[in-house]
Amino acid sequence: MRAGRLGIGIIGAGRVGPVLGAALANAEHAVVGITAVSDAGRDRAEAMLPGAPVLGTPELVERSELVLLAVPDDQLPSLVQGLSDAGIWQPGQLVVHTSPDHGVDVLAPAMRAGAIPLAIHPAMAFTGTSIDLSRLRDAYCAVTAPGPVLPIAQALVVEMGAEPFVVAERDRPAYADAVRAAVSFSTAIVDQSAGTLAGIGVEHPGRVLGALVRSAVDNALTAADGQSVI
């Protein structure tokens with residue numbers, strides 16, 4: 001590894017963790033392991049991080065210089081607290097979570113042990129496959145961190161190929177509402193339109209709607225940035 005590269009442990013083998021781990025591995029960081037509790041998670045980890053060992057959480061944290069917490073939002077507080085109660089967090093260790101809802105306050109138990117807290121949420125919908133690595137290059141990531149270590153979070157995002165933007169701790173709930181609304185409404189609208197087309201006998205309604213939806217969304221996003229649509 002080059003100087004400055006980190007040993008990264010990933011807690012969570014859902015759609016997000018293995019992808020971000022692969023992105024960081026592409027930046028020459030070393031993945032020391034990943035946790036996986038289901039067959040699907042193990043398969044995903046093997047596909048995205050071939051050769052990375054599947055470890056138990058305590059062992060993984062003890063081996064890692066950067067711990068990536070890619071777990072469901074409602075599991076994050078208890079996970080951080082449980083590892084703190086077990087005395088596993090290490091001074092100087094980077095701890096990154098990917099929840100849209102939380103800033104760094106949720107990492108307070110790790111901070112008290114001397115860990116460095118970072119919150120990084122990629123604003124994109126993940127598939128858990130290599131497709132996400134190319135999509136990540138066009139994505140933005142919300143970052144929240146104490147001022148002195150904010151550049152670390154921003155640098156990690158850039159290394160993953162995305163663009164960082166800062167969200168204040170107090171604004172994380174509003175940010176989470178915004179990204180969830182974008183995903184849920186767009187999904188619901190496509191599902192409704194595709195169902196209607198299928199109901200009148202149109203084959204492959206998703207393909208039929210593809211150019212329409214993408215162009216409409218692109219126009220709306222351009223207008224949202226204050227630019228005119230020609």
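Bear in mind the structure is a predicted one, so any value in this text is a computation, not a measurement.
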query: With a 4.5 Å heavy-atom cut-off, do His121 and Val143 have their side chains touching?
result: no
Same cluster (ILVMFWY, side-chain, under 4.5 Å), Ile34 and Leu66: yes
- prompt: Would you say Val96 and Val166 are hydrophobically clustered, going by side-chain heavy atoms of ILVMFWY under 4.5 Å?
  reply: yes
field: Any side-chain heavy-atom pair of Leu49 and Ile10 under 4.5 Å
entry: yes
message: Check this for me: Phe165, atom CZ, are more than 12 non-hydrogen atoms of other residues, nucleotides or ligands nearer than 6.0 Å?
response: yes
- line: Nearest heavy-atom approach of Pro53 to Val32 is CG-O, 3.2 Å
query: For the side chain of Glu169 and the backbone of Asp105, is there at least one donor-acceptor N/O pair under 3.5 Å apart?
result: yes
Exam field: side chain Ser38 to backbone Gly41, donor-acceptor pair closer than 3.5 Å: yes
- prompt: Can any side-chain N or O of Arg172 pair as donor or acceptor with the backbone N or O of Asp101 at less than 3.5 Å?
  reply: no
message: Using a 3.5 Å distance criterion without hydrogens, assess whether the side chain of His97 forms a donor-acceptor pair with backbone atoms of Ser99.
response: yes
Nearest-0.5 Å distance that lies between atom CD in Glu62 and atom CD1 in Ile88: 5.5 Å
message: I'd like to know if the side chain of Gln93 and the backbone of Glu65 have a donor-acceptor N/O pair within less than 3.5 Å.
response: no
query: With no hydrogens and no angle check, is any side-chain donor or acceptor of His29 less than 3.5 Å from a backbone partner on Leu6?
result: yes
query: Shared ILVMFWY cluster between Val19 and Leu68, side chains joined below 4.5 angstrom?
result: yes
message: Between Thr144 (side chain only) and Ala168 (backbone N and O only), is there a donor and an acceptor less than 3.5 Å apart?
response: no
- prompt: Does Glu163 reach the main-chain N or O of Arg137 with its side chain, forming a donor-acceptor pair under 3.5 Å?
  reply: no
query: Would you say the side-chain atoms of Arg5 pair up with the backbone N or O of Ala27, donor to acceptor, closer than 3.5 Å?
result: yes
- request: Taking Ser186 for its side chain and Val183 for its backbone only, find out whether a donor-acceptor pair lies under 3.5 Å.
  value: yes
task: Search all heavy atoms of Met48 against all heavy atoms of Thr129 and return the closest pair with its distance.
output: SD-C, 3.6 Å
message: Do Val217 and Arg214 have side chains that approach each other closer than 4.5 Å (heavy atoms only, starting at C-beta)?
response: no
task: Taking only Lys NZ, Arg NE, NH1 and NH2, and the carboxylate oxygens of Asp or Glu, determine whether Asp73 and Arg180 approach each other closer than 4.0 Å.
output: yes
task: Taking the side chain as every heavy atom from C-beta outward, state whether Thr98 and Leu69 have any pair of such atoms under 4.5 Å apart.
output: no
message: Testing the basics here: between Val54 and Ala36, what is the closest heavy-atom pair and its distance to 0.1 Å?
response: CG1-N, 3.9 Å
query: Could you walk me through whether Arg63 and Glu59 pass the salt bridge (charged side-chain N to carboxylate O under 4.0 Å, His left out) check?
result: CA-CA 6 Å; Arg63 291 186 180 188; Glu59 182 182 7; 2.5 Å; yes
field: Step-by-step side-chain hydrogen bond (donor to acceptor under 3.5 Å, both in side chains) determination, Thr127 to Arg15
entry: CA-CA 6 Å; Thr127 65; Arg15 294 182 178 183; over 6 Å; no
